[in-house]
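Here is the structure we will look at.
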Amino acid sequence: MNSDQYPRLRRLRRNATLRDMLNENRLSASEFIYPIFVLNGSGVRTTIEPMPGIDQMSADIAAEEAQRAMAAGVKSVLLFGIPDVKDPTGSRSSSPDEAVQQAISAIKRSSPATYVITDVCLCEYTDHGHCGIISGDEVDNDATLPLLAETAISHAEAGADMVAPSAMMDGQVSAIRSGLNDNGFPDIPIMGYSAKYASAFYGPFRTAVDSAPQFGDRRAYQMAPGQGREAMREIEADIDEGADIIMVKPALAYLDVIKEASMRYDTPLAAYNVSGEYSMLAAAGQAGWIDRERAMLEVLGSIKRAGADLIITYSAIEAAEIISKG
Ligand code: PBG
């Protein structure tokens, strides 16, 4: 074969500037959402063993963390609360005195431009660790909906900009939409955790918020990992119920689902680069088995390439700092 007879793709790879010019998927700090774990008290910061670099923090420290994120170009945070007391109905989830509600106002005071999103779920607040209330030996879908709506309203009252229901109860987006509308918050958008899988990759998160189910597991409400087409039904249901943004979670083992959703739907799409995905790179990096920074950017790039518009990631600040250095 004559050397002119086949494509010379390497021509465009020989020069660093040209490679940069041709970059199809440029990550940007403004598409990152940074999760923060908040607990009660003040001046408190506690490490989370399986998530090196990520801490639980009280509202005042969370406000500083939001400023640090903003300084790096990360303009949005996603709050998770850790209550002091858990009970069967997760009653602390809608209390104005709880960590999330306090952190919302602390962040808004010290960093008004930060866009504050809140996770709406009961699992951090229930003593049994399930995402809804229990009837018999099951999570009661319809009895849980008003509690999720109340929680979302309490977040909006505290000043949240957006709420993100993650309980995987059918009808949760519509229940929250009605609740917000009826309480004077028709303009607060909802980001649905639309296709959320029953995943082993949430392990470190459950350590972080102490929410491992005390009996059974979440497979009766979160999706089975093999389900690709069912994810489209979940997403469609959320869009029908009024979700403003849809989500696929986790990201890495579900890039095909992200891709498919991005091609089918015009609703903005978020992907959640979950705790276990973070911990794997942290552990391999600490062992010296992987170049953690490069792997992190490669992972985030893959999520973007799959079609996510927004990436929720514990690496947000670090990645933003690396990106800004060029
Ligand atoms: C709450 C919730 C979970 C995560 C986000 N919201 C845990 C779960 O469903 O068990 C996981 C996030 C992560 O692993 O980073 N329902």
Side-chain angles (χ1 to χ4, degrees), residues 32-38 48-56 77-83 86 90 92-93 99-100 117-126 128-134 139 141 144-145 147-148 151-152 155 162-170 172-173 176 190-225 234 245-254 270-283 296 299-300 303 308 310-316:
F32 296 151
I33 298 172
Y34 181 57
I36 301 182
F37 297 109
V38 293
I48 301 165
E49 205 216 331
M51 302 180 71
I54 301 298
D55 299 330
Q56 306 170 332
V77 297
L78 173 62
L79 302 182
F80 293 93
I82 306 155
K86 303 185 188 232
R92 298 301 297 169
S93 66
V100 166
I117 309 173
T118 56
D119 184 81
V120 176
C121 190
L122 299 186
C123 68
E124 298 99 310
Y125 299 89
T126 53
H128 44 74
H130 279 288
C131 300
I133 59 177
I134 305 291
V139 175
N141 191 89
T144 300
L145 297 180
L147 302 182
L148 294 173
T151 303
H155 293 170
M162 181 188 286
V163 294
S166 67
M168 283 303 274
M169 296 300 124
D170 290 331
Q172 62 184 10
V173 170
I176 289 172
I190 299 173
M191 174 162 70
Y193 281 70
S194 313
K196 176 172 174 182
Y197 288 89
S199 171
F201 289 99
Y202 307 150
F205 172 97
R206 291 182 189 170
T207 303
V209 303
D210 184 25
S211 73
Q214 296 306 299
F215 65 90
D217 53 43
R218 302 207 207 294
R219 285 177 230 207
Y221 43 105
Q222 299 181 347
M223 292 176 57
E234 282 285 1
I245 298 179
I246 52 177
M247 191 200 299
V248 173
K249 173 187 176 196
L252 212 42
Y254 301 88
Y272 200 140
N273 177 215
V274 300
S275 57
E277 300 170 9
Y278 177 86
S279 299
M280 283 195 299
L281 296 194
M296 172 181 84
V299 164
L300 294 173
I303 298 169
L310 296 167
I311 304 174
I312 303 164
T313 177
Y314 302 97
S315 309

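On a predicted model such as this, the values are computed, not experimentally measured, just so you know. Ligands are counted one by one from 1 in listed order, and the atoms in each one are counted from 1 as well.
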Practice item. Any atoms of ligand 1 less than 4.0 Å from a non-hydrogen atom of Ser166? List them with their elements. Key: 1 (C), 2 (C), 6 (N), 16 (N)
Practice item. Could you tell me whether Cys123 approaches ligand 1 through its side chain, its backbone, both or neither, with non-hydrogen atoms closer than 4.0 Å? Key: side chain
Review point. Going through the distances and angles, do Tyr314 and Tyr34 end up as a ring pair (Phe, Tyr, Trp, His ring centres under 6.0 Å)?
Key: CA-CA 6 Å; Tyr314 302 97; Tyr34 181 57; 7.7 Å; no
Exercise for review: Answer yes or no for Arg218: is there a heavy-atom contact with ligand 1 below 4.0 Å?
Suggested key: yes
Study note, to complete from the structure: side-chain contact (heavy atoms from CB on, under 4.5 Å) test vs Pro35 passes for just one of Asp119, Ile312, Asn273, namely Ile312
Practice item. Considering only non-hydrogen protein atoms, determine which one is nearest to atom 14 (O) of ligand 1 and report residue, atom name and distance to 0.1 Å. Key: Ser275 OG, 2.7 Å
Exercise for review: Measure the distance from atom 12 (C) of ligand 1 to every protein heavy atom, then report the residue, atom name and distance (to 0.1 Å) of the closest one.
Suggested key: Phe205 CD1, 3.4 Å
**Study point:** Check: Tyr314 N/O within less than 3.5 Å of ligand 1 N/O
**Key:** yes
Review point. Does Glu277 have a non-hydrogen atom less than 4.0 Å from ligand 1?
Key: no
Practice item. Begin with the C-alpha distance, continue with both residues' side-chain angles, and end with the deciding distance and a verdict on side chain to side chain contact (heavy atoms under 4.5 Å, CB included) for Val120 and His155. Key: CA-CA 9 Å; Val120 176; His155 293 170; 3.8 Å; yes
Study note, to complete from the structure: heavy-atom search around atom 6 (N) of ligand 1 in the protein gives Lys249 NZ, 3.3 Å
Review point. What part of Phe80, side chain from CB on, backbone N/CA/C/O, both or neither, has a heavy atom under 4.0 Å from ligand 1?
Key: side chain
Exercise for review: Under 4.0 Å from a heavy atom of Tyr272: give me the atoms of ligand 1 that qualify, with their elements.
Suggested key: 12 (C), 15 (O)
Point to revise | Matching residue for Phe205 among Ser211, Ser199, Pro50, Ser279 - test: side-chain contact (heavy atoms from CB on, under 4.5 Å) | key: Ser211
Point to revise | Tyr272 (side chain) donor-acceptor with Tyr193 (main chain) under 3.5 angstrom | key: no
Exercise for review: Apply side chain to side chain contact (heavy atoms under 4.5 Å, CB included) to Ile54 and Tyr278, showing your working.
Suggested key: CA-CA 10 Å; Ile54 301 298; Tyr278 177 86; 3.7 Å; yes
Point to revise | Cation-pi check, Lys196 onto Tyr202 ring (under 6.0 Å, within 45° of axis) | key: yes
Practice item. Give a yes or no answer on whether the side chain of Thr207 reaches the backbone of Ile48 with a donor-acceptor pair at less than 3.5 Å. Key: no
Review point. Hey, is ligand 1 close enough to Ser211 that some N/O pair sits below 3.5 Å?
Key: no
Revision key, fill the gap. The protein heavy atom nearest to atom 16 (N) of ligand 1 is Lys196 NZ, 2.9 Å
